[in-house]
Amino acid sequence: MNNIDAITNLYTRKERSLQGEQARFDRERENKHILLSFAKSIQERDIVTYDHSRRVATYAQRLARYVGWSRRDARDLALAALVHDLGKTWIANDILHKADTLSDGERKTMERHPLIGARILIGCDVHPFYVETVLYHHEAWDGRGYPSGLKGEEIPLNARILTVADVYDVLTSQRPYKAALSKDAARGRLLSGSGASFDPMIAHAFLNLLDSQPQFTLPQRICAIPSIAKTAYHVASSVRL
Ligand SMILES: [Fe+2]
């Protein structure tokens with residue numbers, strides 16, 4: 001191979017690598033565009049879920065950074081978190097906004113939302129990272145979650161991080177069927193769920209993060225507020241996640 005051939009080869013390889021970089025960049029931009037469009041559709045459909053998702057995205061991003069993820073990976077997890085409840089946009093209002101405890105049938109319908117969300121994302125050909133985060137965000141460390149009953153490290157790490165962020169926000173938010181827990185009470189619930197609902201390493205990382213930042217909990221903007229009596233009743237019952 002003479003010098004000219006060697007230089008030509010070098011440039012061809014460089015050009016291919018740049019094309020590969022460009023393709024990856026285009027794909028990422030397209031994914032981001034799709035996911036933000038879905039986030040917007042959640043905002044229009046259900047503002048409470050949208051606000052919840054924004055807070056969860058922030059918590060998940062902070063937690064991912066805390067356990068050593070790169071800025072870019074943590075940002076991708078935040079994007080997934082923004083649409084983690086996308087499947088709820090297909091759940092009927094009388095179930096989605098029900099202030100009373102769900103019946104078994106209604107609960108089963110509600111529990112389809114990770115699967116529905118994942119199917120929507122698969123249909124748009126987004127990166128599997130986002131699909132699996134949405135699909136597995138209600139799996140539990142002890143295998144008692146849904147939709148697949150995955151256990152321990154079978155659950156992708158991205159979903160395990162999201163689960164803790166998601167539950168913390170549910171616990172500290174007021175919902176039509178429950179009052180908000182204080183930071184300390186929510187802390188206690190995460191601790192007791194460590195090793196059962198949550199990956200113990202991730203749950204403890206979150207608790208350390210929580211303890212290190214007094215202003216960690218984000219304010220809740222709005223929520224459909226039930227009557228005081230209903231709130232008092234539901235605060236004593238189990239939390240629907
Ligand atoms: Fe969810």
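For reference, positions follow the sequence shown, starting with 1. Atoms considered below: every heavy atom in the structure, side chains included; atoms not considered: hydrogens, waters and symmetry mates. All ligand and atom numbering here is 1-based and tracks the order in the structure.
Angle subtended at the Fe ion (ligand 1) by His113 NE2 and His138 NE2: 90°, rounded to 10 degrees.
His127 and Asn31 are not linked by any side-chain donor-acceptor pair at a separation below 3.5 angstrom, with hydrogens and angles left out of the test.
Between atom CG of residue Asp73 and atom CZ of residue Arg65 there is a gap of 9.5 Å, rounded to the nearest 0.5 Å.
Residue contacts to the Fe ion (ligand 1): His84 brings no N, O or S atom closer than 2.8 Å. One of the N, O or S atoms belonging to Asp85 lies under 2.8 Å away from the Fe ion (ligand 1).
Glu44 meets the side chain to side chain donor-acceptor pair (under 3.5 Å) test with no other residue; sequence neighbours excluded. Looking at residues two or more places apart in sequence or on another chain, you find a ring-ring contact (aromatic ring centres under 6.0 Å, His included) between Tyr59 and Tyr168, Phe216.
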